[in-house]
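Note on naming: letters A, B, ... go to the chains in the order of the sequence lines (proteins, then strands), and numbering restarts at 1 for each one.
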Amino acid sequence: MVFRRERLAAPTLEAAQALLGALLVHDAEAGSDRRVGRIVEVEAYTGQDDRASHARFGRTARNAVMFGPPGIAYVYLVYGMYDCLNVVTEPDGRPGAVLVRAVEPLEGVEAMRAVRIARGRGAARIRGLPAHRLASGPGLVAAAFDLDRSDTGRDLCDPASPVRLEAAPQGEPVPSIVATARVGVHYATDPWRSVPWRFAIAGHLSVSGPRDRV
DNA sequence: GCAAAGATTTGCT
DNA sequence: GCAAATCTTTGCC
(Lines give C-alpha, C1' and ligand atoms only; values in the text may rest on other atoms or scores of the structure.)
Protein backbone atom coordinates (compact mmCIF):
# COMPACT_ATOMS: atom_id res chain seq x y z
CA MET A 1 0.00 0.00 0.00
CA VAL A 2 1.57 3.26 -1.14
CA PHE A 3 2.08 6.09 1.38
CA ARG A 4 -0.73 8.62 0.90
CA ARG A 5 0.44 11.92 -0.51
CA GLU A 6 -2.02 13.92 1.58
CA ARG A 7 -0.25 12.81 4.75
CA LEU A 8 2.85 14.60 3.38
CA ALA A 9 0.85 17.70 2.42
CA ALA A 10 0.34 18.20 6.17
CA PRO A 11 2.52 20.53 8.30
CA THR A 12 6.08 19.18 8.19
CA LEU A 13 6.22 18.32 11.90
CA GLU A 14 3.16 16.08 11.51
CA ALA A 15 4.39 14.55 8.26
CA ALA A 16 7.75 13.73 9.86
CA GLN A 17 6.15 11.75 12.67
CA ALA A 18 3.77 10.04 10.25
CA LEU A 19 6.78 8.75 8.30
CA LEU A 20 8.12 6.84 11.32
CA GLY A 21 7.28 3.18 10.76
CA ALA A 22 6.66 3.65 7.02
CA LEU A 23 8.64 1.58 4.53
CA LEU A 24 11.25 2.78 2.04
CA VAL A 25 11.28 0.46 -1.00
CA HIS A 26 13.77 0.17 -3.87
CA ASP A 27 12.68 -2.42 -6.44
CA ALA A 28 15.11 -4.99 -7.77
CA GLU A 29 17.32 -3.88 -10.63
CA ALA A 30 20.06 -5.51 -12.65
CA GLY A 31 22.49 -7.14 -10.22
CA SER A 32 20.68 -6.02 -7.08
CA ASP A 33 17.84 -7.50 -5.05
CA ARG A 34 14.77 -5.60 -3.87
CA ARG A 35 15.53 -3.54 -0.77
CA VAL A 36 13.05 -2.56 1.95
CA GLY A 37 13.65 -0.65 5.17
CA ARG A 38 11.47 0.65 8.00
CA ILE A 39 11.96 4.36 8.71
CA VAL A 40 13.00 4.75 12.37
CA GLU A 41 14.50 8.27 12.53
CA VAL A 42 13.68 11.55 10.73
CA GLU A 43 14.16 15.31 11.03
CA ALA A 44 11.77 18.10 9.99
CA TYR A 45 12.97 21.13 8.02
CA THR A 46 10.51 23.91 7.26
CA GLY A 47 10.49 27.13 5.28
CA GLN A 48 12.36 30.40 5.21
CA ASP A 49 11.91 31.03 8.91
CA ASP A 50 13.81 27.85 9.80
CA ARG A 51 17.45 28.99 9.94
CA ALA A 52 18.66 25.38 9.76
CA SER A 53 16.71 24.53 6.59
CA HIS A 54 18.04 24.61 3.04
CA ALA A 55 14.98 26.73 2.30
CA ARG A 56 16.37 29.53 4.50
CA PHE A 57 17.93 31.19 1.41
CA GLY A 58 14.62 31.17 -0.42
CA ARG A 59 14.18 29.25 -3.64
CA THR A 60 17.49 28.31 -5.30
CA ALA A 61 18.53 25.86 -7.99
CA ARG A 62 19.38 23.21 -5.38
CA ASN A 63 16.32 23.42 -3.12
CA ALA A 64 13.65 24.23 -5.74
CA VAL A 65 11.96 20.86 -5.30
CA MET A 66 11.31 21.70 -1.62
CA PHE A 67 8.91 24.41 -2.87
CA GLY A 68 6.98 22.00 -5.10
CA PRO A 69 4.32 19.35 -4.44
CA PRO A 70 4.70 16.87 -1.54
CA GLY A 71 5.90 13.29 -1.87
CA ILE A 72 8.87 14.11 -4.11
CA ALA A 73 12.45 13.05 -3.32
CA TYR A 74 15.06 15.74 -2.54
CA VAL A 75 18.58 14.29 -2.41
CA TYR A 76 21.54 16.59 -1.72
CA LEU A 77 25.26 16.13 -1.16
CA VAL A 78 26.74 17.12 2.20
CA TYR A 79 30.40 17.68 3.04
CA GLY A 80 31.31 16.76 -0.53
CA MET A 81 30.86 13.06 0.24
CA TYR A 82 27.47 11.89 1.44
CA ASP A 83 24.06 12.00 -0.20
CA CYS A 84 21.02 12.50 2.04
CA LEU A 85 17.41 11.59 1.21
CA ASN A 86 14.55 13.95 2.02
CA VAL A 87 10.81 13.67 1.41
CA VAL A 88 9.17 16.94 0.32
CA THR A 89 6.24 18.05 2.52
CA GLU A 90 3.62 20.84 2.67
CA PRO A 91 1.26 21.81 -0.17
CA ASP A 92 2.66 22.90 -3.54
CA GLY A 93 4.18 26.36 -3.24
CA ARG A 94 5.25 26.10 0.39
CA PRO A 95 8.72 24.72 1.26
CA GLY A 96 9.30 21.81 3.62
CA ALA A 97 11.09 18.47 3.76
CA VAL A 98 11.78 15.54 6.07
CA LEU A 99 15.31 14.12 6.23
CA VAL A 100 15.31 10.32 6.49
CA ARG A 101 18.08 9.74 9.04
CA ALA A 102 17.86 5.99 9.65
CA VAL A 103 16.01 2.88 8.53
CA GLU A 104 15.87 -0.70 9.79
CA PRO A 105 16.76 -3.05 6.91
CA LEU A 106 13.98 -5.61 6.32
CA GLU A 107 14.71 -7.03 2.86
CA GLY A 108 17.79 -7.00 0.64
CA VAL A 109 20.27 -6.77 3.49
CA GLU A 110 23.12 -8.17 1.42
CA ALA A 111 22.28 -5.83 -1.49
CA MET A 112 22.57 -2.90 0.93
CA ARG A 113 25.85 -4.22 2.26
CA ALA A 114 27.20 -4.67 -1.26
CA VAL A 115 26.38 -1.15 -2.42
CA ARG A 116 27.77 0.37 0.77
CA ILE A 117 31.02 -1.48 0.18
CA ALA A 118 31.02 -0.33 -3.45
CA ARG A 119 30.38 3.33 -2.58
CA GLY A 120 32.21 3.80 0.69
CA ARG A 121 35.60 3.08 2.20
CA GLY A 122 36.38 0.53 4.88
CA ALA A 123 35.03 -2.62 3.24
CA ALA A 124 36.27 -4.89 6.02
CA ARG A 125 34.37 -2.92 8.64
CA ILE A 126 31.16 -2.88 6.59
CA ARG A 127 31.34 -6.65 6.06
CA GLY A 128 31.24 -7.10 9.82
CA LEU A 129 28.30 -4.77 10.48
CA PRO A 130 25.10 -6.29 11.89
CA ALA A 131 22.11 -5.78 9.57
CA HIS A 132 20.44 -3.27 11.87
CA ARG A 133 23.41 -0.87 11.52
CA LEU A 134 23.62 -0.84 7.71
CA ALA A 135 21.47 2.28 7.27
CA SER A 136 21.72 4.03 10.64
CA GLY A 137 22.60 7.56 9.52
CA PRO A 138 21.43 9.95 6.79
CA GLY A 139 24.44 9.38 4.54
CA LEU A 140 24.17 5.64 5.09
CA VAL A 141 20.48 5.44 4.13
CA ALA A 142 21.21 6.95 0.72
CA ALA A 143 24.23 4.68 0.30
CA ALA A 144 22.35 1.50 1.25
CA PHE A 145 19.52 2.33 -1.15
CA ASP A 146 21.92 3.51 -3.87
CA LEU A 147 20.46 7.01 -4.11
CA ASP A 148 22.22 10.21 -5.16
CA ARG A 149 21.34 13.70 -6.38
CA SER A 150 20.10 12.32 -9.70
CA ASP A 151 17.19 10.79 -7.77
CA THR A 152 15.91 14.24 -6.83
CA GLY A 153 12.45 14.71 -8.36
CA ARG A 154 11.37 11.07 -8.12
CA ASP A 155 7.77 10.67 -7.01
CA LEU A 156 7.91 8.56 -3.85
CA CYS A 157 4.09 8.29 -3.71
CA ASP A 158 3.73 6.80 -7.19
CA PRO A 159 3.03 3.03 -6.93
CA ALA A 160 4.90 2.58 -10.23
CA SER A 161 8.07 4.30 -9.02
CA PRO A 162 11.03 1.94 -8.43
CA VAL A 163 11.90 4.02 -5.36
CA ARG A 164 8.88 4.76 -3.18
CA LEU A 165 7.28 4.94 0.24
CA GLU A 166 4.77 2.42 1.54
CA ALA A 167 2.53 2.70 4.59
CA ALA A 168 3.36 0.65 7.67
CA PRO A 169 1.74 -2.81 7.44
CA GLN A 170 -1.83 -3.05 8.78
CA GLY A 171 -2.03 -4.01 12.41
CA GLU A 172 1.49 -2.88 13.23
CA PRO A 173 1.56 -1.17 16.63
CA VAL A 174 1.93 2.64 16.57
CA PRO A 175 5.59 3.34 17.39
CA SER A 176 6.55 5.15 20.58
CA ILE A 177 8.14 8.42 19.40
CA VAL A 178 10.91 10.40 21.10
CA ALA A 179 11.76 13.99 20.03
CA THR A 180 15.20 15.63 20.38
CA ALA A 181 17.12 18.57 18.91
CA ARG A 182 18.24 18.15 15.31
CA VAL A 183 21.79 16.90 14.68
CA GLY A 184 24.52 18.91 12.96
CA VAL A 185 22.72 22.27 12.86
CA HIS A 186 25.07 24.19 15.20
CA TYR A 187 25.39 26.84 12.48
CA ALA A 188 21.76 27.91 12.98
CA THR A 189 20.66 30.57 15.46
CA ASP A 190 18.32 29.79 18.33
CA PRO A 191 15.62 28.69 18.59
CA TRP A 192 16.22 26.80 15.32
CA ARG A 193 19.39 25.17 16.60
CA SER A 194 17.60 23.52 19.51
CA VAL A 195 13.95 22.92 18.58
CA PRO A 196 13.05 19.23 19.13
CA TRP A 197 12.35 18.41 15.49
CA ARG A 198 14.27 15.15 15.32
CA PHE A 199 11.94 12.20 15.80
CA ALA A 200 12.87 8.58 16.37
CA ILE A 201 11.25 5.32 17.40
CA ALA A 202 12.18 5.10 21.07
CA GLY A 203 15.04 2.74 21.80
CA HIS A 204 15.24 1.31 18.28
CA LEU A 205 18.56 -0.37 17.51
CA SER A 206 18.79 1.19 14.03
CA VAL A 207 18.62 4.80 15.23
CA SER A 208 21.82 6.64 14.24
CA GLY A 209 24.61 6.79 16.75
CA PRO A 210 26.36 6.07 18.93
CA ARG A 211 26.45 9.78 19.76
CA ASP A 212 22.75 10.21 18.92
CA ARG A 213 21.40 7.06 20.56
CA VAL A 214 18.01 7.59 22.17
C1' DG B 1 35.41 35.03 -9.87
C1' DC B 2 36.88 33.35 -5.11
C1' DA B 3 36.48 31.96 -0.35
C1' DA B 4 33.98 29.62 3.22
C1' DA B 5 31.19 26.36 5.18
C1' DG B 6 28.35 22.40 5.30
C1' DA B 7 21.23 18.52 7.59
C1' DT B 8 28.39 13.30 7.87
C1' DT B 9 31.20 9.38 8.72
C1' DT B 10 35.37 7.21 9.91
C1' DG B 11 39.76 6.39 11.91
C1' DC B 12 43.39 7.63 14.80
C1' DT B 13 45.25 9.64 19.26
C1' DG C 1 37.80 13.26 21.66
C1' DC C 2 39.46 15.34 17.36
C1' DA C 3 40.56 15.91 12.61
C1' DA C 4 40.54 14.41 7.85
C1' DA C 5 38.22 13.37 3.57
C1' DT C 6 36.08 15.97 -0.42
C1' DC C 7 33.28 19.13 -3.51
C1' DT C 8 29.00 21.69 -4.16
C1' DT C 9 26.40 25.70 -2.99
C1' DT C 10 26.10 30.21 -1.42
C1' DG C 11 27.65 34.81 -0.46
C1' DC C 12 30.49 38.49 -1.15
C1' DC C 13 34.14 41.24 -3.68
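For the 3.5 Å distance criterion, the side chains of A/Glu104 and A/His132 fail to qualify, holding no donor opposite an acceptor. A donor-acceptor contact closer than 3.5 angstrom links the side chains of A/Thr180 and A/Arg198.
When each of A/Ala188 and A/Val141 is assigned the nucleotide of DNA chain B with its nearest heavy atom, A/Ala188 is the one assigned upstream, toward the 5' end. Heavy-atom nearest nucleotides on DNA chain C were determined for A/Arg149 and for A/Tyr82, and the one closer to the 5' end corresponds to A/Tyr82.
With rounding to whole Å, A/Leu77 atom CG is found 18 Å from B/dA5 atom P. Between A/Glu43 atom CD and B/dA7 atom C1' there is a gap of 6 Å when expressed in whole angstrom units. The interatomic distance linking A/Arg59 (CZ) with C/dT9 (P) rounds to 16 Å, in whole Å. Following rounding to the nearest Å, A/Arg62 (CZ) and B/dG6 (P) show an atom-to-atom distance of 11 Å. Rounded to whole Å, atom C1' of B/dT8 lies 13 Å from atom CD of A/Glu41. To the nearest angstrom, P of C/dT8 lies 18 Å from CG of A/Asn63.
Of the C1' atoms belonging to C/dG1 and B/dA7, the separation is 22 Å, rounded to the nearest Å. C/dA3 and B/dA5 have their P atoms separated by 15 Å, given to the nearest Å.
Stacking between A/Tyr76 and B/dA7 is absent: the ring centroid is not both under 5.5 Å from the six-membered base ring centre and under 30° in plane angle.
Applying the 4.0 Å criterion to OP1 and OP2 of B/dT8, one finds that A/Arg101 has a side-chain N or O inside that range. Under 4.0 angstrom from either OP1 or OP2 of B/dA7 there lies at least one side-chain N or O belonging to A/Tyr187. Between A/Thr60 and C/dT10 there is a side-chain N or O to OP1 or OP2 distance below 4.0 Å. OP1 or OP2 of B/dT10 sits under 4.0 Å from a side-chain N or O of A/Arg125.
Ring geometry for A/Phe145 against A/His26 counts as parallel: the plane angle stays under 30°, on a 0 to 90° scale with 60° as the upper cut.
In this structure, the nucleotide among C/dT8, B/dG6, B/dA7 sitting nearest to the side chain of A/Val185 is B/dA7. Closest to the side chain of A/Pro138, from the set B/dT9, C/dT9, B/dG6, is B/dT9. Out of B/dA7, B/dT10, C/dC7, the shortest distance to the side chain of A/Arg116 is found at B/dT10. Set against C/dC7, B/dA7, C/dG11, the side chain of A/Asn86 has B/dA7 as its closest nucleotide. Proximity note for A/Val183 (side chain, C-beta onward) versus B/dT8, C/dC7, C/dT10: the nearest is B/dT8.
Pair assignment for B/dA7: none, as no Watson-Crick or G-U wobble contacts are both less than 3.5 Å.
With salt bridges taken as basic N to acidic carboxylate O contacts below 4.0 Å, none links A/Asp155 and A/Arg164.
For the side-chain contact (heavy atoms from CB on, under 4.5 Å) with A/Leu24, the lone residue among A/Val36, A/Leu106, A/Leu165 that qualifies is A/Leu165.
Cation-pi geometry between A/Arg182 and A/Tyr45 is met: the NZ or CZ atom falls under 6.0 Å from the ring centre, inside 45° of the normal.
Residue A/Arg182 is classed as having no contact, given no heavy-atom separation below 4.0 Å to the nucleic acid.
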